[in-house]
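Below is one structure, written out as structure tokens; the observations come after it.
These numbers come from a predicted model, not from an experiment.
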Amino acid sequence: MPPLDVRKIEEEVREYWRKKGVPAKWRAPSGGKLFSFLEGPPTANGYPHVGHLRGRVYKDFVLRYYRMLGYDVWAQGGWDEQGLPVEVEVEKKLGVRTKREIYERIGLERFVEECNKLVDYYLEYWKKYATEMIGLWLDLDNAYETRRGRYIEYVWYVIKRAWERELLYEGYRVLPFCPRCETALSDAEVDMGYEEKESPSIYVKFKVEGGDGEYLLVWTTTPWTLVDNEAVAVHPRAEYCVMAVGGERWYVARNLAERVAQELGLESWGCVEVLEGLRLRGMKYEHPLANEIPLHADHHDAHRVLDAEFVSLEEGTGLVHIAPGHGPEDFELGVRHGLPVTSTVRIDGVFDERAGVFGGLSVDGASKLVVEILSKKGLLVKCGRIVHRYPHCWRCGTPLVYRADRQWFMAMSLLREDLLKALDSVEVFPRVHRNRFESWLASVKDWTISRSRIWGTPLPVWRCSEDPNRILVIGSVEELKRYASKLPDVDDDRLVHRPWIDSVELRTSDCSRWVREPFVVDVWLDSGVAWIASVDGLRNRELFERLFPYTFITEAVDQTRGWFYSLIAASVIDRGVAPYRQVLIQGHVLDKFGRKMSKHLGNVVYAEEAIKKFGADPLRLYLLSRYPPGDSFMFDPDEVRKVSTSALNIVWNVFRFAAMYMDLDGFSPRVHELSKYLGRLSIEDEWILSRVNTVTAEFADLMVRYEVNRAVQLLMDFAVEDLSRTYLKLVRPRVWSEESDDRFVVYAALYYVLKRLLKLLAPVVPHFSEALWIRFVKHFEPDEAESVHLTRAERADERMRKPQLEETFRRALRIAEMLASLRNRMGIKIRWPMREAVVIAEEEVLRQLEPLRSVVARLSNVKSMVLAADPSVCQSGEYESAQEGGIVACLLKSVDRDLYMEALAREVVRRVQVMRKEMNLGVAELIEVAIDSDSEDVTAAVSRFRDYIAGEVRASEVRIGVPRDGYLVKAWDIEGSTTRIGVRRPPSSGERIPGTTITRDEEAGG
RNA sequence: GGGCCCGUAGCUUAGCCUGGUUAGAGCGCCCGGCUGAUAACCGGGAGGUCCGGGGUUCGAAUCCCCGCGGGCCCA
């Protein structure tokens, strides 16, 4: 086996999968229980980044895991292709600034074609870098697409169901609009777009009617809303004071008076009268812009003081200006008091002609003019700036405008109980995220599903032109065609889109002409019907019934108010239950400083870049293991290599080591079955066999709770700590020894462990595991499955598990560490053997440690390992000792002549090994060694340990004397001596070793 | 204004639910060692008022209260 080259093996493995059609075989049902997964469709817009990869890696990991447990997995892909995100980008591409331009300059047909083209473009990208390249085996050939006619029908279907249940209604309501995109936004969308914004902060005097120099002082950050002002609100139970300012009387909340005075820079003022808010109720005032906006002259009942609980006494003046057309609370208050709901702002954020002098101005332009006019009139007390959090369009960043308009709604507030009940049947991971979801559902509001856009599912609502109160809701294409008196000649995928749908005319027996409401549907409802639309569920009823409700979904935490909600909402509307059983809510991926990834900051790590740089499996390992799934993930590129690549390297080399010796000795797992050697196991064999089964069991426990990071860490710790660092270190001498067939015991145990490890790793690092499956398992068992991913996972074999042994082993390893620490303190290398180590502990502990004496002795390189209960044993000055947790470990300090000789021999061995490596010799190749030292001790040691040295370095001859021609010679410093060591292949072995025939006596080494 | 979560070494974190050895890792840093799979690795060391204060308790990183700081969500 070659050294690990991650990207190369990934490429090979991808090719292997493609050639053998492994993913399709993996997805093919085999009669097991069903694990149905529902793909949260990525928006086909923008390039995937590591945040997307995190989610997709979880999906793949979970699916592979369950597939290996014997489940049939349903792994259909899906794409979210419509909506504002796509439109916004197409507008940029076409250089369009307003919606009107789309209609007039571009034309809807071309615009929709461009949307389709853009989707196609990004789809290819997502298929490659966010799917294929990371080994995600979703079925993309049969992926659902929200732009298809067959899909859109289900959005219609659910809307019609809502209509039948009287949950669909149209209403007049104040909503946030994006003036640039010219559409309303849902609550969830508003949530996504809060940003800092600098706004004007103005204090305005409203002149009290009939009062002499009496004013209501109001504060606002949106001067333009004063255009549609209809009232002023006060808190009914707050105290208000009358401030005397330069001969005028201003009404201000008492609590805020001091602050307001400061803010306005008033030098002398006094609170001359205090009265309760309720006493202000009914006071009439003059609209400050009455002259500029004629329509206010007709609002006889308006422009008065009302009381409202929502009035804030924390900021402003305690008197709130009310524009029922521009604030949700204002709207409710206005409706309650019969005020006119004035909204002279059009959907594009420009005032219409009713706004008098403000007609034709944008809201910002109007704000400036308002300030100017009020200033001239002497009604502007102060005009400052303020930075506050304000909602912006989540797609294009434009500040939102609240205005009243007619829209269509789903009456979700009526379904609160049903939603909560549905959620009861859902397992939410991690648990902490459940609260959020629950509280969102508990306070859910009606859902504005209409959007004034183009590239989306058309709202299937038609109005009778003869009687506007009559509504017809269409639930399928078939139904549409049944009522159609005029149909454009296009395929269904087009028919269900604007502009074609707009030319459809319907006729029924009771109405000759139905006209479609000019809206499209909120995209969240598109993806929200995926549970049925993805499989065309009404036509494929049997399949649908098997899948529903889906076993598992997972997305990031922002989808709580997005997809997780829209799925459960649509499903509850149609059938009253949740469409999924388990939901794993992931945290977001941030940059390494914990900042959000954004184009603006330039800190986005894109999928393509990351995969090319690190390889898919190191990235997967890192994403799966570094943080708990529900936590934010601080992505640090430097860590990927450190954490993942090195671990994979170790695992790879464990397999290399095993393969090398197994091959050398002609090991065959079929001939040398583990069962034959069970009676001959060494203690460390028993231990590693126990460990691998314990890890298997613990892994499964963690997976039940989706504690993915801990599960994966557990595996890697086992591979690196237990298997590589401990087990292989212990068994190396047994593998080298040719005296008995004990090495086959090691091979049998090791093979068992490695094969199990591979299966455990397969869902984590699928390419890497497959490469080892092919190179290692299929090498020794050619008739094994063609892919590790098509095999069944092994269950933990409880008969192999020995918890007490594992516990004691851990203690023994700790003792070996303590001894290493003692050596470190004494300055004696591990290479040098020591005469005796003593462990002092309680009888019970000693009894358990007894079988592990040789393990500790080998790891610590001591001749004799003494267990003693009597603490006095090593209290003499002859011992160096350390103590921890009731155990004392000590080491006999003296190095006698025999030990010294042995140590020198080992020093020689080590030098020869280095030279073997330099000569690139195979592990089995024999050599001849000649040693010439100016130290009598070294010479004596070589002579005395000649056989030992020969065995260790695989030499057919160890000669004392000057190396001759044909030897590679190096001069080494061994314990102050100059020792020249010559190494060569035996002449009988044939050809010369290139570059090693020249004797270089003077070369210094070591 | 309300809700939820978090605060442990320079950085990233485990432990907290279920109180009990000397608070455990990884990275980085310093010193040493090992190396017939590994451009790998191993050992040791320095570095912690477990955010602050109060309480409960024989005993608190852990449970309770208050405060400070941060994040997310809702209004």
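- Around atom CZ of A:Arg734, more than 12 heavy atoms belonging to other residues, nucleotides or ligands sit under 6.0 Å away.
- A:Ile650 has its CD1 atom 11 Å from the P atom of B:rA39, to the nearest Å.
- As judged by a 4.0 angstrom heavy-atom cut-off over every strand, A:Thr560 is placed among residues making no nucleic acid contact.
- When each of A:Asp631 and A:Val720 is assigned the nucleotide of RNA chain B with its nearest heavy atom, A:Asp631 is the one assigned upstream, toward the 5' end.
- Of the nucleotides present, B:rG3 is the one that pairs with B:rC72 by Watson-Crick or G-U wobble criteria, both distances under 3.5 Å.
- Taking side-chain N and O atoms only, A:Lys729 has no distance below 4.0 Å to OP1 or OP2 of B:rG36.
- Salt bridge present: A:Glu807 and A:Arg810 bring a charged side-chain N and a carboxylate O closer than 4.0 Å.
- Remark: the A:Ser724 side chain and the B:rA37 base include a donor-acceptor N/O pair separated by less than 3.5 Å.
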Please write out the pairs of protein N or O atoms and N or O atoms of nucleotides 30-34 of chain B separated by less than 3.5 Å, giving the distance to one decimal.
| unit_1 | atom_1 | unit_2 | atom_2 | d |
| --- | --- | --- | --- | --- |
| B:rC34 | OP1 | A:Arg831 | NE | 3.2 |
| B:rC34 | OP1 | A:Arg831 | NH2 | 2.8 |
| B:rC34 | OP2 | A:Arg831 | NH2 | 3.0 |

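- As rounded to the nearest Å, B:rG33 and B:rC50 have C1' atoms that lie 34 Å from one another.
- Ranking B:rG36, B:rG15, B:rA37 by closeness to the A:Arg710 side chain, first place goes to B:rG15.
- Side-chain N/O atoms of A:Arg561 and base N/O atoms of B:rC73 include no donor-acceptor pair closer than 3.5 Å.
- In this structure, CG of A:Asn435 is placed 7 Å from P of B:rC5, rounded to the nearest angstrom.
- Between the CZ atom of A:Arg954 and the C1' atom of B:rG36 there is a distance of 10 Å, rounded to whole Å.
- Residues A:Glu907 and A:Arg911 are paired through a salt bridge, judged by an N-O separation under 4.0 Å between the basic side chain and the carboxylate.
- Per the geometry, NE2 belonging to A:His433 stands 12 Å off C1' belonging to B:rG71, to the nearest Å.
- Summarising the local packing, CD of A:Glu957 is surrounded by more than 12 heavy atoms from other residues, nucleotides or ligands at distances under 6.0 Å.
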* Apply the test ring pair (Phe, Tyr, Trp, His ring centres under 6.0 Å) to residues A:Phe633 and A:Tyr622: give CA-CA distance (whole Å), side-chain angles for both, the deciding distance (0.1 Å), then the verdict. => CA-CA 10 Å; A:Phe633 193 114; A:Tyr622 177 57; 5.2 Å; yes

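- Atom C1' of nucleotide B:rG43 and atom CE of A:Met818 are separated by 14 Å, given to the nearest angstrom.
- Taking the six-membered ring for Trp and thresholds of 30 and 60 degrees, A:Trp652 and A:Phe768 have ring planes inclined between 30 and 60 degrees apart.
- Ring geometry for A:Phe780 against A:Tyr751 counts as perpendicular: the plane angle is over 60°, on a 0 to 90° scale with 30° as the lower cut.
- B:rC66 sits 27 Å from B:rG20 when the C1' atoms are compared, rounded to a whole Å.
- Summarising the base pairing, B:rA25 is matched to B:rU12 through a Watson-Crick or G-U wobble pair whose two defining distances lie under 3.5 Å.
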* A:Trp440 and A:Phe564: ring pair (Phe, Tyr, Trp, His ring centres under 6.0 Å), yes or no, with the steps? -> CA-CA 11 Å; A:Trp440 164 260; A:Phe564 298 150; over 10 Å; no

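- In this entry the distance linking CZ of A:Arg811 with C1' of B:rU21 reads 12 Å, nearest Å.
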Using the 3.5 Å cut-off, write out each protein N or O paired with an N or O of nucleotides 9-12 of chain B and the distance between them.
| unit_1 | atom_1 | unit_2 | atom_2 | d |
| --- | --- | --- | --- | --- |
| B:rU12 | O3' | A:Tyr627 | OH | 3.1 |
| B:rU12 | O2' | A:Arg626 | NH1 | 3.3 |
| B:rU12 | O2' | A:Arg626 | NH2 | 2.2 |
| B:rU12 | O2' | A:Tyr627 | OH | 3.1 |

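- Between B:rC5, B:rC72, B:rU38, one nucleotide has an atom nearer to the side chain of A:Arg732 than all others, and that is B:rU38.
- The environment of CZ in A:Arg431 is sparse: at most 12 heavy-atom neighbours from other residues, nucleotides or ligands sit within 6.0 Å.
- The distance between atom CE of A:Met660 and atom C1' of B:rG36, rounded to the nearest whole Å, is 8 Å.
- Ranking B:rG15, B:rA37, B:rG36 by closeness to the A:Arg916 side chain, first place goes to B:rG36.
- In this structure, the nucleotide among B:rU38, B:rG36, B:rC73 sitting nearest to the side chain of A:Arg436 is B:rC73.
- The A:Arg656 side chain lies nearest to B:rA37 when the options are B:rG3, B:rA37, B:rG36.
- Base pairing analysis places B:rA39 opposite nothing; no Watson-Crick or G-U wobble pair with both distances below 3.5 Å involves it.
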